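Both backbone and side-chain heavy atoms feed into the values below; hydrogens, waters and symmetry mates do not. Chain naming here is simple, since letters A, B, ... match the order of the sequence lines and numbering starts at 1 in each. If you're wondering where the values come from, they're calculated on a predicted model, not measured in any experiment.
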Amino acid sequence: MSLKIYNTLSREKELFTPLTPDHVGMYVCGPTVYSDVHLGNCRTFISFDIIYRYLVYLGYKVRYVRNITDAGHLEGDRDEGDDKFSKLARLQKVEPMEIVQKYTLGFRHVMQLLNNLPPSIEPTATGHIAEQIEIAKQILNNGYAYEVNGTIYFDVEKYNKEQSYGILTNRKMNDLLEGTRELGGQDEKRGRLDFALWIKAKPEHLMQWPSPWGMGFPGWHIECSAMSEKYLGKKFDIHGGGMDLAATHHTNEIAQSQACYHTSPANFWMHTNMLTVNGTRMSKSLGNGFLPEELFTGNHPLLDKAYAPMTVRFFMLQTHYRSTLDFSNEALQASEKGLKRLWDAYEVLKQLAVGSEQLAIDAELDAKVNKLVNEFDEFMNDDFNTAKVLGSMFELVPVINSIKDGLIKADAMSASTLALLQQKFKAYLEDIFGLQNSAANNDTLNGVMDLLIEIRKESKTKRDFATSDKIRNQLATIGINLKDEKGGEMSWGIN
RNA sequence: GGUCCUGUAGCCGAGUGGUUAGGCAAAGCUCUGCAAAAGCUUCUACACCGGUUCGAAUCCGGUCGGGACCUCCA
């Protein structure tokens, strides 16, 4: 039982061994809080939430750091001008920190709805200006950066003479140079690939800090180098983020760490794939993204209906994190039904008890259940293959339902097998996959439902089907499903 | 142009050189006052053309299509 993780650096699955036994340090690039997170952003954070939860399940003590970028992220593609926060703040006539506050709270709210656990530390760029200046200073001292007019640039070509700059995405320097478009307004830079560590601020700039090179603000890439080093050390286990960050942001992070500390920051680089809409990436700049709120309310022209946060989470679990996932109403609705089926079986499973005799154990069934259950860990250990785990879980659903309906005797399975099944379903559905029951847990509602069920049972006994159908149909119109179980019992659930 | 990923049944999607992934949809049957749910059964696919192999959707080469990154984006 050993965990294998696909490492972008080596482009293969590698055996995961933490630097410090039993401890894992993981850094994930968080959101830039100048606008609402869209569903594509959420995919990355859900993926890493599940990775985090699984590492904890394996018994590791995990320090999970996910930053909030609240400064230094430039608008456009030149290293001058406003950062995104200052620009928006000026447009809306508010403080940059009001922008930051608004979208940070929004982000956290969405994370909570999707049942993502909070990271161990959620540091902000503005809270680590001093650390970022220190790194820029050190890189300057080490000779891998130069100052022009109060702005500090990283000297990519010089760095590339000693280290391979494009190592993460397997790019050669010459290819990179050819592929880079000629941009205007870059007279200051020596090399086309050079990027800013620190940027000189114009006097009217709203967010600026004193530095040895005058008033300015940090470049985008340096914040992650500063915060990961501060909380996880110069070298840590896992660095993650969306695939779109690999070629630029993460490549520059590696260069910064090498130039500053002479080490690559992370052993494992993990990248989650994109969420697409009609085959094209969901992104802020394309404007084809769904906001989580639009999804949860169904208030969007492309949405047939509203989808619960757990449906969205489950939808994402059904594919591997390194595959693209295409959004569609059909796919979401399939997930909604699939999740319901799985969760209903889980509710049944929780109630199952072994027969006392234990005389009729069906060895074949017992072995099958054991095999399927043991596959959960096996599949997760193979680079977090949640899709395969769900496949095995669904294969167990008919077994669970058949026991409930008496088609399989409860004691056909050994007590230990049933206990294992119950324990693993709970661990996976709740602890690792982070799914929750969407039905309201409300004592008042439960009381009302108990009463309605009682009346319906009575009317059925009296063969007063008009009344019994009325109860069922009326409830259906408000989204509550009544099910007649075998033996006259009734259960209910909220759609 | 460069780097890389990808093309799987109506839809979404796993996947290993030889074994039905799974979900949704559809059809039939059982159960049921009816319905729903549930159970059983059916639908058996891997872009195209070559090659390697006893055997390839899975490996190799080519063709065509889709996408990502190389410029802000998870």
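If you check distances only, the side chain of A:Arg472 never reaches the base of B:A36 with a donor-acceptor pair under 3.5 Å. For B:G33, its base sits under 3.5 Å from the side chain of A:Asp469 at one donor and acceptor pair at least. Not a single donor-acceptor pair, N or O on each side, falls under 3.5 Å between the base of B:C40 and the side chain of A:Asp405. Checked by distance alone, A:Asp484 brings no side-chain donor or acceptor within 3.5 Å of a matching partner on the base of B:A37. The base of B:C70 is not paired with the side chain of A:Arg192 by any donor and acceptor separated by under 3.5 Å.
A:Ser402 comes within 4.0 angstrom of the backbone, heavy atoms only, and of no base. A:Leu332 comes within 4.0 angstrom of nothing in the nucleic acid, heavy atoms only. Residue-level contact check: A:Arg341 touches the backbone only, with heavy atoms under 4.0 Å from sugar-phosphate atoms and none from bases. In this structure, A:Lys404 reaches neither bases nor backbone, as no heavy-atom distance under 4.0 Å exists between it and the strands shown. A:Thr280 comes within contact range of the sugar-phosphate backbone alone, with a heavy-atom separation under 4.0 Å but no base atom that close. Residue A:Ala247 is in sugar-phosphate contact alone, with no base atom involved, counting any heavy-atom pair closer than 4.0 Å across all strands shown. Residue A:Ser491 is classed as having no contact, given no heavy-atom separation below 4.0 Å to the nucleic acid. Within the 4.0 angstrom heavy-atom criterion, base atoms lie near A:Gly40. Counting non-hydrogen atoms under 4.0 angstrom, A:His320 reaches the backbone sugars and phosphates but no base. Here A:Asn385 lies in heavy-atom contact (under 4.0 Å) with sugar-phosphate atoms only. Counting any heavy atom pair closer than 4.0 Å across all strands shown, A:Glu336 reaches no nucleic acid atom. Within 4.0 Å (heavy atoms only), A:Met243 reaches no atom of the nucleic acid at all.
The aromatic ring of A:Phe465 sits over the base of B:G33, with ring centres less than 5.5 Å apart and planes tilted by under 30°.
Here the separation of B:C11 from B:G18, taken at their P atoms, is 26 Å to the nearest Å.
At a cut-off of 3.5 Å, with distance as the only test, a side-chain donor of A:Asn67 or A:Tyr27 sits close to an acceptor on the other residue.
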